[in-house]
Amino acid sequence: MATTKKQGRPKSEEKYHLILHAASCLFLKEGFANTSMDTVAKASGVSKQTVYSHFESKDSLFKAAISSKCRSYQLDTQQLIDATSGSLSLFECLLKVGSQFVRLLQDREALAIFRVIIAEAVNSPHVATLFYQAGPEASLATLSDVIEKFGQGSLSKALAHQLAIDYCALLKGEYHTMMLCGIKSPLTDEEISLHVNSAAEKILLLFKHYTQQPG
């Protein structure tokens with residue numbers, strides 16, 4: 001009797017995620033400078049050649065780790081685009097994105113990587129640039145595209161981008177700096193809802209002003 005092979009994740013995909021997980025843990029624990037492709041290979045239980053077959057450099061591995069964290073909170077490019085493909089209004093889209101953004105900001109690992117970047121930025125600004133490109137810059141670019149789309153031609157790309165920057169700044173507020181300093185506890189679900197609603201309402205007012213929409 002023929003046996004049926006158990007379906008599962010392809011080995012190459014499994015190794016990709018093993019490497020990514022091991023690297024993420026090492027970046028958090030050891031920092032970027034003290035993490036090498038050798039230590040990532042050992043921690044993930046694969047060869048150094050296998051690591052390089054998935055990630056061409058430590059830079060690309062670091063950026064992949066940051067992008068992966070964003071994806072886990074539905075803040076990657078495709079998921080932000082999907083948020084506008086349905087029947088959501090701009091305000092509803094801002095609420096959805098904003099809630100996930102705040103939850104990412106107060107994620108324990110996300111806070112830890114922020115602190116790693118701050119600690120290494122003086123001696124290695126290259127690391128801060130990698131972090132910004134993979135995280136904030138990528139999300140801002142997509143969010144600005146979403147806002148521009150809702151403008152239906154009445155909002156310039158530059159203004160849409162500025163609104164995206166303003167929204168993220170409102171969401172971060174003072175509490176994120178306090179959390180980075182370890183003097184503020186994470187917001188509750190109710191507090192997140194109130195905070196995001198307030199920020200989204202302000203951006204919607206600006207959006208209506210720039211597009212000269214009523215209300």
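Please read all numbers here as calculations on a predicted model, not as lab measurements.
T39 places a side-chain N or O within donor-acceptor distance of the main-chain N or O of S36, the cut-off being under 3.5 Å. Formation of a donor-acceptor pair under 3.5 Å by the S198 side chain with backbone atoms of L194 is not found in this model. At least one donor-acceptor pair under 3.5 Å links the side chain of K58 to the backbone N or O of T35. Although no hydrogens or angles enter the test, the distance criterion places no donor-acceptor pair under 3.5 Å between the side chain of S68 and the main chain of A64. One N or O on the side chain of S44 and one on the backbone of A41 form a donor-acceptor pair closer than 3.5 Å. When atom types are taken as modelled, the side chain of S53 and the backbone of T50 share a donor-acceptor pair closer than 3.5 angstrom. Side-chain atoms of S124 never come within 3.5 Å of backbone atoms of E120 as a donor-acceptor pair (strictly under, hydrogens ignored). Remark: the backbone N or O of K96 is not paired with any side-chain donor or acceptor of S99 at under 3.5 angstrom.
Closest approach of F91 and A200 over heavy atoms only: CE1-CB, 3.6 Å. Contact between A128 and A121 at its shortest, heavy atoms only, is CB-CB, 4.2 Å. Heavy-atom minimum distance, L155 versus E148: O-CG, 3.9 Å.
A salt bridge links R103 with D189; the closest basic N to acidic carboxylate O contact falls under 4.0 Å.
Residues L130 and Q133 form a side-chain contact, since some pair of their non-hydrogen atoms from C-beta on lies under 4.5 Å apart. Using a 4.5 Å cut-off on side-chain heavy atoms (C-beta onward), F32 and F131 make no contact.
Donor-acceptor pairing under 3.5 Å is lacking for the side chains of H161 and D145.
For an aromatic pair to be called close, the ring centres must be under 6.0 Å apart, and F62 with F27 satisfies this.
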In a table with atom names and distances, give each donor-acceptor pair under 3.5 Å that connects a side chain of residues 163-186 to protein atoms at least two apart or in another chain.
{"residue": "D166", "atom": "OD1", "partner": "Q162", "partner atom": "NE2", "Å": "2.9"}
{"residue": "Y167", "atom": "OH", "partner": "L94", "partner atom": "O", "Å": "2.5"}

* **Residues K69, S72; criterion side-chain contact (heavy atoms from CB on, under 4.5 Å); working and verdict** => CA-CA 5 Å; K69 175 57 74 173; S72 72; 3.7 Å; yes
